[in-house]
Every structure is written in C-alpha cells, then in structure tokens.
There are 2 protein chains.
Amino acid sequence: MVVEIDLSDAEVDRIFRALADATRRDIVERVLTGEQSVSALADRYDMSFAAVQKHVAVLERAGLVTKQNRGRERLVRGNPDKIRRVQALLDRYERLWRARIDRLDALLAEPGPPSPSAPEQE
Amino acid sequence: MVVEIDLSDAEVDRIFRALADATRRDIVERVLTGEQSVSALADRYDMSFAAVQKHVAVLERAGLVTKQNRGRERLVRGNPDKIRRVQALLDRYERLWRARIDRLDALLAEPGPPSPSAPEQE
DNA sequence: AATTTCTACAACCATTTGGTTGTACGTTAA
DNA sequence: TTAACGTACAACCAAATGGTTGTAGAAATT
C-alpha cells in the first residue's frame with residue numbers, strides 16, 4: 001500500500017511535537033485499543049483533568065486523534081490516516097540514511113583510495 | 001532486519017522533540033548526504049551561527065547526529081542506528097493502529113449487531 | 001428541581017525553547 | 001606574528017509548553 005507524503009512543515013512540526021511527550025504517546029496507545037472519553041483518560045494519569053484535556057487538544061491539533069460527541073462525553077479516537085503518513089515520512093528518512101551508508105560501504109570496499117578526503121584526526 | 005526497541009521515555013521525548021523543527025529536519029537531511037561542518041551548515045540558513053549550533057546540539061543530545069573534530073572544524077554526521085530505532089518505534093505504532101482498524105472492520109462486517117454500543121449522535 | 005458528571009476555557013505560573021549578541025579560545029592562513 | 005576562521009559558551013529576551021485552580025455550561029441522574 002502506498003501512502004502519500006503531502007504534509008507541510010508546520011504539520012510535521014505539530015505531529016512530532018505531539019509525540020514528544022510520554023503522556024501523549026500513552027494516550028495515543030490507549031485510544032488505539034479503543035475510543036475513550038476524556039475523563040476516562042484523565043483517571044489514568046496523576047494530573048488534573050484540565051492537563052489531560054490539553055494533551056488531547058495537542059494530539060487533536062496534530063491530527064493524530066479526533067473527538068466525537070456522545071451525550072456529555074467526548075470520545076477520543078485515533079486517526080489512522082495520519083499515523084500512516086508519519087510512518088511514510090520516517091520510512092523516507094530511513095531509506096535516505098540507508099542509501100548513504102550503502103554508498104560509504106561501497107567506497108570502503110574499493111581497492112585503491114578513491115579520493116584523499118579528510119585525514120580523520122581527533 | 002530486526003531492530004531492537006529499547007529506548008527510554010526520555011530518549012523518545014528527545015528524539016521526537018528534535019524532529020519537531022523544520023530547520024533540524026533539514027540539517028538531518030543534509031548530513032544524510034554527507035558530513036558537514038557546523039559553519040557549512042550555518043551558511044545555509046537565515047539565522048545566526050549560534051542558532052544553528054544550538055540546533056545541532058539538540059540533534060546531538062537526541063543521538064540523531066554525532067560530531068567529530070577535524071582541525072578547527074566539527075564535522076556533523078548522522079547516526080544510522082538511532083534513526084533505525086525511531087523507524088522501528090513508528091512501525092510499532094502503525095501496526096497497533098492497523099490492528100485496531102482491522103478489528104473494527106471485522107466487527108462491522110458481522111451480520112447481527114454485535115453490541116448495542118453507543119447511539120452515535122452529534 | 002436539584003445535584004452530579006463531563007467538558008470547555010480563562011487566568012496564572014515556572015520552565016523550556018529558539019532566537020539574538022558578545023566574548024573567548026584553538027586552529028589555520030598570510 | 002598577526003589576522004582570519006570555526007567553534008564554544010554565557011547572557012539575555014520573547015514566545016511556547018505543561019502544569020495548576022477556578023468558573024461556567026450542557027447532559028445525565030436522583
């Protein structure tokens with residue numbers, strides 16, 4: 001399955017920043033298992049309801065979760081499309097990196113020194 | 001190839017936070033192509049040398065790049081092992097997410113309503 | 001009708017972030 | 001030797017982050 005990469009810098013900023021917090025990553029894991037209300041999530045953490053509410057808001061702004069009204073509750077659920085795009089993004093990084101390593105390996109495997117390059121001193 | 005996932009919460013925090021900035025992501029891409037000195041990197045961006053120096057320090061603390069001394073220069077290069085671990089981490093998220101979607105799909109495909117669940121109103 | 005539950009949001013606070021400028025020091029070049 | 005280059009680091013600043021408490025409103029319960 002091919003996933004398109006059409007995220008703006010600002011979007012990628014928001015996504016990575018949202019994932020740069022252990023509580024928020026934990027929330028993501030929880031709503032992966034099944035949708036949960038904000039207060040149900042808040043019960044799990046040693047912080048105020050408002051704090052958890054803010055974390056959910058950060059995840060929502062990043063597009064990683066969505067909220068749906070059910071009565072007085074707000075059900076939080078994951079956004080699979082977005083996580084696939086993040087996956088594709090990291091996949092691209094990994095491929096670029098691997099390509100560089102492969103080039104270096106090939107260079108080192110050559111018989112003669114291909115270029116004087118840097119004398120590599122500490 | 002199997003990559004181990006043994007990163008602490010704090011490490012993952014640092015990695016995601018490091019990637020949550022367009023300039024730093026660009027630096028990562030540049031050093032993927034080949035190692036570069038800090039000043040060579042600084043020339044590329046519309047900000048002070050010290051600012052770029054700080055960005056590199058953030059990437060270094062996250063373990064995404066390393067620096068090596070060559071004379072008066074500090075050569076910045078990528079850390080392939082770390083990026084592979086990040087890749088593995090995201091891979092895990094993606095698999096969890098996909099598993100949930102598959103479960104939901106299976107549920108919806110069943111003939112009778114499996115459970116009354118929520119009346120789904122806005 | 002009164003109370004409780006779940007949520008939203010404002011105000012506040014300490015800390016971190018991302019930028020700046022300035023100073024100092026080792027290394028290279030003239 | 002002197003000048004220029006590359007880097008490190010401190011001090012400073014505005015804005016964002018991550019937490020708090022308090023107030024208010026809509027929905028459910030009693």
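Below, chain A is the first sequence line, B the second, and so on; all start at residue 1.
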Practice problem: Would you give a per-nucleotide map of nucleotides 19-26 of chain D, 5' to 3', where B means the base has a protein non-hydrogen atom under 4.0 Å away, S means only the sugar-phosphate does, and - means neither? | Solution: BBB-----
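Here the P atom of nucleotide D/dT17 and the CZ atom of A/R61 are 8 Å apart, to the nearest Å. Between the P atom of D/dT7 and the CG atom of B/D43 lies a distance of 10 Å, rounded to the nearest Å. Atoms CG (A/L19) and P (D/dT17) sit 14 Å apart, rounded to a whole Å. Whole-Å rounding puts the A/R70 CZ to C/dT5 C1' distance at 14 Å. One can place CG of B/N69 at 12 Å from C1' of D/dA8, the figure rounded to the nearest angstrom. Atoms CG (A/D13) and P (D/dA15) sit 18 Å apart, rounded to a whole Å. The distance between atom CG of B/D26 and atom P of C/dG18, rounded to the nearest whole Å, is 15 Å.
When all heavy atoms of A/L19 and A/R25 are compared, the closest pair comes out as O-NH1, 2.7 Å.
B/R74 has no side-chain polar atom (N or O) that falls below the 4.0 Å cut-off from OP1 or OP2 of D/dG6. Within the 4.0 Å cut-off from OP1 or OP2 of C/dG18, at least one side-chain nitrogen or oxygen of A/R17 is found. Between B/Q53 and D/dA8 there is a side-chain N or O to OP1 or OP2 distance below 4.0 Å.
Between A/V38 and B/V58, the residue anchored closer to the 5' end of DNA chain C is A/V38, taking for each the nucleotide with the nearest heavy atom. Comparing B/S39 and A/E73, the nucleotide of DNA chain D nearest to each residue sits closer to the 5' end for B/S39.
How far CE of A/M47 is from NE2 of A/H55: 4.5 Å, rounded to the nearest 0.5 Å. A distance of 11.0 Å separates OG in A/S37 from NZ in A/K67, rounded to the nearest 0.5 Å.
Of the possible polar contacts, one joining the B/R24 side chain to the B/R17 backbone as a donor-acceptor pair under 3.5 Å is found. B/R14 places no side-chain N or O within 3.5 Å of a backbone atom of B/G63 that could act as its donor or acceptor partner.
For the pair B/L7/B/K82, a side-chain contact is recorded, criterion being any heavy-atom separation below 4.5 Å from C-beta on. B/V76 has its side chain out of reach of B/Q36: every pair of non-hydrogen atoms, C-beta onward, lies at least 4.5 Å apart.
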